[in-house]
2 protein chains.
Amino acid sequence: MARNKAYSEEEVLGKAMEVFWKNGYEATSVRLLEKEMGINQFSIYSTFSSKKELFILSLKKYTEYVKVHRFHTLLKKDAGLKDLETFFHHFARKKRTEQHYRGCLVVNTTGELGAKDPDIAKALSNYFGFIKNTIKQVLQNAVEAGELSANADIDKYSNYLLGVLQGLSVGAKALEEQQIKDIVDMTMANIK
Amino acid sequence: MARNKAYSEEEVLGKAMEVFWKNGYEATSVRLLEKEMGINQFSIYSTFSSKKELFILSLKKYTEYVKVHRFHTLLKKDAGLKDLETFFHHFARKKRTEQHYRGCLVVNTTGELGAKDPDIAKALSNYFGFIKNTIKQVLQNAVEAGELSANADIDKYSNYLLGVLQGLSVGAKALEEQQIKDIVDMTMANIK
DNA sequence: GTCATTTCTAAGCTATTGCTTAGATAAGTA
DNA sequence: TACTTATCTAAGCAATAGCTTAGAAATGAC
């Protein structure tokens, strides 16, 4: 063994995620990362290999972040339709309370980079798969609790809700609060 | 008067739009624009002032583009629910036929830049306003044709459809064809 | 304490960024 | 034909991009 790192990898990765989230991939320079992560370029490259690798790890970190800060209510064992509705309605509130809503890091990246890079595309796909499964589990709970008909096509429903969620992630950056509300109302009325 | 320009402004602007659409704003260099537009940097700057101005003009050009190539069926005088349904179903087909679907330039930009720059944000907002109004007019036609109930809240409906459209623009870059189909099916079933 | 190994600082690398400029070229006016 | 004005080519500007390297500093093993 030898000298220890003077920083926590998870901690500086969290900072990197914030920078990418705020600025986007291309607009984030390694100098800015260096400043915000609090470590210099040598450390960034020796620990995270490249800007792209750091970004992909940031996308994974983001998944962990939203599990705790966005999807926690839906990840409860007994989460049901009511939780789903509350979750979606949070978008309209966010639009009002946060001056400059940053949107979803993964949706932003889909817009900026799309499928340009296969490694990044895989990370995007993994994230959306996780979101879909989370929603699907809630719908499954709802069926079991009798909130939804037993022959409801919950796979179809979860794809639909994922799609609307992607729309809301764009809309919350570009539309008015009332428009967000309308989208959420219409969508939830469609789940029955 | 003096020497004339050796190119059509509208034509090279169309090329610029294509480059931004394919690559995104930050990933598009002036050297690349120079190459694809077929004019050199002096001409770009003397005619379009800056990269940002050129981009904003490209966003406006994109609006004109989609009027002709995407929304033409919805802009017909008698466009109705059937046209709306066909329009939405085109997304799933696009996903299958176009290897690397580029998505919507404006949605992509919302993801990449959001409200970072007020001038660009205004252009995004204008675009989404146009789309909403286009949809709203179709719904109005549908009411008048008796396809929709006279007390349907068509403003709410059009916000909803705009939101789903934004979602599809993301989803078509990141989801599977079947998922797109599910989103479209569920959405259209909700308009009645 | 000595050594091997890793991390640190700080400077520097080449390539590219958005943008500008000097001078040649073209075109309408008189 | 001479003059004015605008557009062209091609080179060049400072600043910054992502990334690397040389040498100093720290740390656990022996």
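Not measured: the values here are computed from a predicted model. Chain naming here is simple, since letters A, B, ... match the order of the sequence lines and numbering starts at 1 in each.
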Enquirer: With sequence neighbours left out, which residue pairs that include part of residues 121-135 of chain B fulfil the salt bridge (charged side-chain N to carboxylate O under 4.0 Å, His left out) condition?
Expert: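 For residues 121-135 of chain B: Lys132(B)-Asp155(B).
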Enquirer: Please confirm whether the shortest side-chain N or O distance from Asn4(A) to OP1 or OP2 of dA26(D) is below 4.0 Å.
Expert: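 Checking Asn4(A) against dA26(D): no side-chain N or O falls below 4.0 Å of OP1 or OP2.
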Enquirer: May I have the distance from Glu53(B) (atom CD) to dG18(C) (atom C1'), rounded to whole angstrom?
Expert: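 Taking CD of Glu53(B) and C1' of dG18(C), I get 15 Å after rounding.
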Enquirer: Rounded to the Å, how far apart are Glu9(A) CD and dT6(C) C1'?
Expert: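 Nearest whole value for this atom pair: 13 Å.
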Enquirer: Give the rounded distance in Å between these two atoms: CD1 of Ile44(B) and P of dT17(C).
Expert: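 Whole-Å distance recorded here is 12 Å.
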Enquirer: I want to confirm an ordering. Mapping Tyr25(A) and Asn40(B) to their closest nucleotides on DNA chain D, which one lands closer to the 5' end?
Expert: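 Looking at DNA chain D, the more 5' nearest nucleotide goes with Asn40(B).
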Enquirer: Which parts of residues 28-38 of chain B get close to DNA chain D, meaning a heavy atom less than 4.0 angstrom away?
Expert: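 Under 4.0 Å from DNA chain D: Arg31(B).
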Enquirer: List, one per line, each side-chain donor-acceptor pair under 3.5 Å for residues 74-89 of chain A, sequence neighbours excluded.
Expert:
unit_1, atom_1, unit_2, atom_2, d
Lys76(A), NZ, Asp83(A), OD1, 3.3
Asp83(A), OD2, Gly80(A), N, 2.9
Thr86(A), OG1, Lys82(A), O, 2.9
His89(A), ND1, Glu85(A), O, 3.1
His89(A), NE2, Asp185(A), OD1, 3.2

Enquirer: For Lys51(A) and dT20(D), give me the distance from atom NZ to atom C1', rounded to whole Å.
Expert: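 The answer, rounded to whole Å, is 17 Å.
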Enquirer: May I ask you to establish whether Lys51(B) and Phe20(B) are in a cation-pi arrangement, using a distance under 6.0 Å from NZ or CZ to the six-membered ring centre and at most 45° from the ring axis?
Expert: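 No, Lys51(B) does not lie over the aromatic ring of Phe20(B).
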Enquirer: Could you state the atom-to-atom distance from NZ of Lys5(B) to P of dT9(D) in whole Å?
Expert: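 These atoms are roughly 13 Å apart.
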Enquirer: Rounding to an integer number of Å, can you tell me how far Tyr45(A) OH sits from dC13(C) P?
Expert: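 Atom OH in Tyr45(A) sits about 17 Å away from atom P in dC13(C).
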Enquirer: Round to the nearest Å and state the distance from Gln41(A) atom CD to dT16(D) atom C1'.
Expert: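 Computing the Gln41(A):CD to dT16(D):C1' distance gives 11 Å.
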Enquirer: Hey, is the main chain of Gln178(B) close enough, under 3.5 Å, to the side chain of Asn159(A) for a donor-acceptor pair?
Expert: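 Absent.
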Enquirer: Does either side chain, that of Asn141(A) or that of Gln137(A), offer a donor lying less than 3.5 Å from an acceptor on the other one?
Expert: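 There is such a pair between these side chains.
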Enquirer: Hey, can you tell me if Tyr25(B) and Phe55(B) have their rings parallel, tilted or perpendicular (30° and 60° cut-offs)?
Expert: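 Ring orientation of Tyr25(B) relative to Phe55(B): tilted.
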Enquirer: Indicate, with a heavy-atom threshold strictly under 4.0 Å, whether Ser43(A) touches base, sugar-phosphate, or nothing.
Expert: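 Sugar-phosphate: the residue Ser43(A), judged by heavy atoms under 4.0 Å, touches backbone atoms but no base.
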Enquirer: Figure out the CG/C1' separation between Leu54(B) and dG18(C), and round it to whole Å.
Expert: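 Distance check: Leu54(B) CG to dG18(C) C1' gives 12 Å.
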Enquirer: Between Gly163(A) and Ile183(B), which heavy-atom pair has the shortest distance, and what is it?
Expert: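 Gly163(A) and Ile183(B) have their closest heavy atoms at CA-CD1, 3.6 Å.
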Enquirer: Base, sugar-phosphate, or nothing: which does Phe48(B) touch, judged by heavy atoms less than 4.0 Å apart?
Expert: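 It contacts nothing in the nucleic acid.
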